[in-house]
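So you know, we letter chains A, B, ... as the sequences are listed, proteins then strands, and number each from 1. Both backbone and side-chain heavy atoms feed into the values below; hydrogens, waters and symmetry mates do not.
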Amino acid sequence: MSKKTPQAIRGTQDIFGPEAEAFAFVVETFERVRRLYRFRRVEMPVFEKTEVFARSLGETTDVVSKEMYSFDDRGGESLTLRPEFTAGIARAFLTDGWQQYAPLKVATHGPLFRYERPQKGRYRQFHQIDAEVIGAGEPQADVELLAMADQLLKELGINDVTLHLNTLGDAESREAWRAALIDYFRAVKDQLSEESQERLEKNPLRILDSKDPRDRPFLADAPKIDAFLSEEASAFFAAVTSGLDAAGVKWVRAESLVRGLDYYRHTAFEFIPDEGSPSAAALGSQSTVLGGGRYDGLMESLGGAPTPAVGWAAGIERLAMLVGDRFGLLPPPEVAVAVENDARMSDAVGLVSFLRREQIEVELFAAGSARKRFDKAKKANPVILISLDVRDGKASQSLQVLDNAYERLGYVLATYEQRYPLP
RNA sequence: GCGAUCAUAGCUCAGUUGGUUAGAGCGCCGGUUUGUGGUACCGGAGGUCGCGGGUUCGAACCCCGUUGAUCGCCCCA
């Protein structure tokens, strides 16, 4: 490679081959499943005014200042490449009059951008599928959304992940719990890790999922959200869990599963690979496959009326890794046509065009050494292999059925021969 | 933002304590052979050893920097 060739941007990926096929499989399956649940498709801008994300994220300065791709456009306005779908969809809900469709179920997918250190399953331009229910405050919305996520994962063939579920309660519950956690950890502050001492000020809920051994002795006895839940919040969570049971969605309670941002209320969840499972091994430390929650407080931060909403997103790259080679290969062609003599090129082009119009997947082998085209065609492992050649001065062809299970092809080919008899 | 490991042909990798024209397998291209066929054999193209400096008579190998990848930490909307 010449040093004049520009390199790809750090953290971006050129997806090709099995990974690209697995990626497409994830997106196609998502499209199919979201129709089953009657989610409407939306397409969103890749960039927004910076305030769309900054205001929705609130005071989490690290995320806003260090991890967003922001720039000033020619008019001097600060714009940001979307780091998430939710804020943009919420903005559209308010500015485009989508309130009239509430409760609105929408689904989308596409690229997102975060300025982070790349790791396995973590890129600066990455891709997510996303589903949101806006304007629905009842627990049934959470249940339907989670059932869709569960079915999606199953239909992708991912069976070794489990729904980890928690509730953060309503605003009052959440605040009371947060205050109790701060009191509890402040009393033992000196014995906590440096990171957790800092988290105590910035993001105390996060201490609960600390991996540092110095913090772990204090985690078990930390105040639990359940003790602070209002009656309504308890009833809401109970309705979600019983709904999941009725829908046949397996779940486990994860009391330390939290969300850092203030706008989250009630349900919070992540689908996480089971310990020791193939999926866990495939993902490394980036373990969450799909995550989301209820964000009843978001619309107000964007200047809208209080609007309940719940949603989730999942990284397509990570799902594609779990799908792996099971669905990650472009299947062999139904028909391979080898042109062993260039005099037969027109016949071959006519044949493959006909077959493709009949919705048959065909690969044409007509380049390179004429004598090796047959070998290449055979290596493609088609159901049917056709070769066109010239023998003793006359056109000749052969047809091999390598997998005679496929009767439709025989029918289509017979039709072709009837219509355009080969010499 | 922090730490560790790594970077040699299109791919997977060798390359001995620093020592002449840097190798293999696969793939690719061409040819011979095989009387209808994923064969075997022969040949070929393709690398200033990520990039830039330094040490040395001499660097793929040692040192510094840089870029990127990988694995953790932090963060995770």
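Atoms CD (A:Gln128) and P (B:A77) sit 10 Å apart, rounded to a whole Å. Atom C1' of nucleotide B:C75 and atom NZ of A:Lys66 are separated by 9 Å, given to the nearest angstrom. Atom-to-atom, CD1 of A:Ile89 to C1' of B:A77 comes out at 13 Å; the value is rounded to the nearest Å. Look at CE on A:Met44: it is 20 Å from P on B:A77, rounded to the nearest Å. Between A:Leu388 atom CG and B:G37 atom C1' there is a gap of 15 Å when expressed in whole angstrom units.
Contacts of A:Arg82 with the nucleic acid, taken as non-hydrogen atoms under 4.0 Å apart, are absent. Using a 4.0 Å heavy-atom criterion, one finds that A:Phe126 contacts no nucleic acid atom at all. Using a 4.0 Å heavy-atom criterion, one finds that A:Ser387 contacts the bases of the nucleic acid, with or without backbone contacts as well.
In this structure, CD in A:Glu194 is found 6.5 Å from CD in A:Gln197, a value given to the nearest 0.5 Å.
B:U5 and B:A69 make up a base pair, with Watson-Crick or G-U wobble contacts both under 3.5 Å. Pairing for B:G38 is absent, with no Watson-Crick or G-U wobble pair whose two atom distances lie under 3.5 Å. Under the Watson-Crick or G-U wobble criterion, with both distances below 3.5 Å, B:C49 has no partner in any strand shown. If you check B:G25 for Watson-Crick or wobble pairing at under 3.5 angstrom, you find it paired to B:C11.
At B:C74, none of the side-chain N or O atoms of A:Asn203 fall inside 4.0 Å of OP1 or OP2 (strictly under the cut-off). OP1 or OP2 of B:C76 sits under 4.0 Å from a side-chain N or O of A:Arg206.
Classification of A:Glu198 and A:Lys202 as a salt-bridged pair holds, one side-chain N sitting under 4.0 Å from a carboxylate O. Salt-bridge check for A:Glu195 with A:Arg206: failed, with every basic side-chain N at 4.0 Å or more from each acidic carboxylate O.
Separating the C1' atom of B:A69 from that of B:U17 is a span of 30 Å, rounded to the nearest Å. Annotation: B:A7 and B:A45 have their P atoms spaced 28 Å apart (nearest Å). B:C49 and B:U32: their C1' atoms are spaced 35 Å apart (whole Å).
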Inset, instruction - Output, in order, the C-alpha distance, side-chain angles, deciding distance and verdict of side chain to side chain donor-acceptor pair (under 3.5 Å) for A:Gln13 and A:Glu19. - result: CA-CA 11 Å; A:Gln13 2 166 34; A:Glu19 289 79 19; over 6 Å; no
Pairs under 3.5 angstrom only: tabulate donor-acceptor contacts from the side chains of residues 178-190 of chain A to other protein residues two or more places apart or in another chain.
from     : atom 1 : to       : atom 2 : distance (Å)
A:Tyr184 : OH     : A:Phe218 : O      : 2.7

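Ring pair A:Phe47/A:Phe71 is parallel by interplanar angle, where below 30° counts as parallel and above 60° as perpendicular.
We find that the ring of A:Phe374 and the base of B:G37 stack, their centres lying under 5.5 angstrom apart and their planes tilted less than 30°.
A:Thr162 and A:Asp274 form a side-chain donor-acceptor contact under 3.5 Å, judged by distance and modelled atom types alone.
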Got a list of protein N/O to nucleotides 68-72 of chain B N/O distances below 3.5 Å?
from  : atom 1 : to       : atom 2 : distance (Å)
B:A69 : OP1    : A:Gly11  : N      : 3.1
B:A69 : OP2    : A:Arg10  : NH1    : 2.6
B:C71 : OP1    : A:Lys120 : NZ     : 3.2
B:C71 : OP2    : A:Lys120 : N      : 2.6
B:G72 : OP1    : A:Ser285 : N      : 3.0
B:G72 : OP2    : A:Ser285 : OG     : 3.3

